[in-house]
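Before any comments, here is the structure.
Remember, it's 1-based here, ligands and their atoms both numbered in the order they're listed. Just so we're clear, the structure is a prediction, and the values are computed from it rather than from any experiment.
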Amino acid sequence: MGFVAAAIGSAVGLGNMWRFSYLTAENGGAAFVVLYLAITALVGLPVLLAEVVLGRGSQQSPVRALAHYGGNAWRPLGFVFVTAGFLILAYYGVIAGWTLRYTAIAVFAGFDADIADQFAGIAQGGDAFILHAVFMLATIVVVAGGVKGGIERAALILMPLLFLLVCGLAIYAATLEGGGSGYAYYLQADLGKLLSRDVLTQAAGQAFFSLSLGMGAMLTFGSYLGRDHNLPNETVIIAGADVGIAFIAGLVVFPMIFALGLSDAVSGSTVGALFITLPQAFAGMGFVGRVVGGLFFAALMVGALTSAVSLLEVVVSSTIDGLGWTRQRAAWIMGGLITLLGLPAAFSLDVLDVMDQVANNLFLLGGGLALSIFVGWVMKDPVSEASIGAEGTRWFFLWRLLLRFVVPALLLFVLYDAVPKTLKAVTGLVASFF
Ligand code: TRP
């Protein structure tokens with residue numbers, strides 16, 4: 001499969017639907033959306049190009065790519081990347097498990113009118129863990145080498161289908177009465193809120209998560225590329241597709257929250273915003289709801305699988321390079337450990353939420369800072385590497401400027417506040433168990 005398709009497969013997943021709508025709901029709507037879009041353009045896109053340039057230039061997996069350009073002192077950063085992969089996949093699998101459950105409900109029973117109230121019960125407990133384990137099993141089988149071709153073909157069909165379904169649902173949502181305040185919430189930015197550092201942190205974390213940045217996943221994809229690829233063009237296409245799907249998902253979720261009177265159900269568990277609003281709409285659509293709902297959650301599940309594969313691949317390729325394990329062994333042992341690490345997230349939405357904060361606010365933003373400094377300041381002449389296969393050099397000047405100054409400055413500004421806040425959330429969570 002082509003690089004652009006594979007990278008879009010990694011980028012488009014639960015982040016675009018589940019995470020984007022939950023963070024937008026939590027952070028006051030439109031102001032968050034504006035910041036997220038701005039940060040994707042000014043920070044996400046340059047870091048995406050930086051990762052791909054590192055990968056293609058070195059033709060190596062993350063740890064070796066860093067050592068290739070920066071010497072052995074940079075190796076430890078590779079371990080930070082691997083840890084991030086561990087942490088993210090552990091709770092990502094739990095949410096993917098919810099999509100399995102919702103697909104089954106749509107197909108076998110149809111959604112109940114009170115599905116919103118059932119969410120907390122569905123999302124936590126032994127069942128949630130088992131479905132997480134089933135999803136992880138599928139991810140491990142793919143990464144261990146079995147069925148990559150099949151998955152890629154399935155993704156090639158289901159991802160466009162997911163896109164069409166989301167567009168269709170956005171049109172459906174527009175026909176609902178009372179959705180107007182939902183659009184206002186989603187699209188009318190309150191400029192006062194733009195200045196909040198907390199919203200900025202969440203928006204930056206989301207930009208990194210959604211584009212699969214900050215832990216070497218895109219670097220790994222880049223390492224398979226030849227010198228005939230036009231990297232700036234291709235990264236713009238990847239980012240555009242990723243942002244586009246998230247934005248349209250918001251056009252579904254927010255009018256629905258208001259039209260169906262779900263604000264209370266959602267504010268009780270913002271983490272579940274998507275899983276509370278959509279099935280409620282499907283419940284009201286009868287048989288059509290079962291078909292559309294089943295297809296929607298099945299497509300989301302496949303999107304989650306292609307993303308999960310890229311997460312596990314970073315861990316596995318590093319284990320193969322670093323410990324000399326076989327691919328089979330690395331995939332099963334590391335995948336098994338990640339499955340176990342998902343146990344607390346499967347039993348508590350609070351734990352899941354904190355894991356999500358730690359992964360994004362500390363690991364991905366910290367990883368992005370390190371990557372921008374690495375490519376901006378340490379790597380010799382990244383511009384000539386990036387310009388192979390591309391035309392024109394005007395934009396590269398801007399790219400390097402962003403990587404050297406704007407990206408690190410913004411990430412430092414955000415991290416200064418996010419690090420203590422996130423650590424506080426962790427200690428708060430630990431304390432709540434005693
Ligand atoms: N981007 C994916 C999503 O939006 C998740 C993901 C896959 C990811 N690989 C990653 C996030 C690497 C961070 C880093 O669902």
Side-chain angles (χ1 to χ4, degrees), residues 5-24 36 40 43-45 47-48 50-52 55 61-62 77-78 80-99 135-136 139 142-143 151 155 158-159 162-163 166 203-222 235 238-239 241-250 271 274 299-318 338 352 355-368 370-371:
I8 291 177
S10 167
V12 173
L14 298 168
N16 305 63
M17 308 269 168
W18 158 72
R19 199 168 191 281
F20 176 71
S21 42
Y22 118 65
L23 284 178
T24 306
Y36 159 70
T40 298
V43 178
L45 199 52
V47 173
L48 175 59
E51 281 208 27
V52 177
S61 64
L77 181 58
V80 176
F81 290 168
V82 172
T83 312
F86 246 86
L87 188 65
I88 293 176
L89 189 49
Y91 71 84
Y92 199 83
V94 174
I95 299 145
W98 303 347
T99 67
F135 177 82
M136 284 303 303
T139 307
V142 175
V143 171
I151 288 295
L158 282 168
M159 297 316 284
L162 180 67
F163 180 73
V166 177
Q206 174 62 9
F208 274 74
F209 186 90
S210 191
L211 276 174
S212 304
L213 296 179
M215 54 155 281
M218 290 298 185
L219 190 163
T220 308
F221 281 124
T235 48
I238 294 161
D242 186 54
V243 165
I245 294 213
F247 185 75
I248 299 169
V271 169
L274 179 84
L300 189 52
M301 198 170 76
V302 173
L305 186 59
T306 54
S307 300
V309 164
S310 78
L311 283 162
L312 185 56
E313 182 62 32
V314 170
V315 176
V316 165
S317 65
S318 308
I338 291 169
L352 189 150
M355 283 170 85
D356 186 48
Q357 299 305 316
V358 171
N360 286 275
N361 298 351
L362 302 186
F363 280 90
L364 297 187
L365 295 181
L371 279 164

Proximal candidate to atom 14 (C) of ligand 1 [heavy atom criterion; set Met215, Arg19, Met218, Glu313]: Met215
Examine Phe209 against ligand 1 and note whether any of their N/O atoms are separated by less than 3.5 Å. yes
Ligand-residue contact atoms, ligand 1 with Leu14, heavy atoms, under 4.0 Å: 15 (O)
Applying a strict 4.0 Å limit to heavy atoms, is Trp18 in contact with ligand 1? no
Residue Gly13 vicinity, atoms of ligand 1 by number, heavy atom under 4.0 Å: 3 (C), 4 (O), 15 (O)
Protein residue, atom and distance nearest to atom 6 (C) of ligand 1, heavy-atom basis: Ser212 OG, 3.5 Å
Let me see the working for Phe163 and Ile248 under side-chain contact (heavy atoms from CB on, under 4.5 Å), right down to the final yes or no. CA-CA 9 Å; Phe163 180 73; Ile248 299 169; 3.8 Å; yes
Could you tell me whether the side chains of Ser61 and Ser317 share a donor-acceptor contact shorter than 3.5 Å? no
Of the protein's non-hydrogen atoms, which lies at the shortest distance from atom 2 (C) of ligand 1, and what is that distance? Ser10 O, 3.2 Å
Nearest heavy atom to atom 12 (C) of ligand 1, choosing from Asn16, Ile88, Leu311, Asn360, belongs to Leu311
Which residues pass the side chain to side chain contact (heavy atoms under 4.5 Å, CB included) test with Leu371, sequence neighbours left out? Glu51, Leu54, Phe81
Smallest separation among heavy atoms of Gly15 and Gln206, with atom names: O-NE2, 3.1 Å
Considering distance alone, does some N or O of Leu364 sit under 3.5 Å from an N or O of ligand 1? no
Name the closest protein heavy atom to atom 15 (O) of ligand 1, giving the residue it belongs to and the distance to 0.1 Å. Tyr92 OH, 2.5 Å
With respect to Ala11, determine whether any N or O atom, backbone or side chain, lies less than 3.5 Å from an N or O atom of ligand 1. yes
Quick one: nearest non-hydrogen protein atom to atom 9 (N) of ligand 1, plus distance? Ser310 OG, 3.1 Å
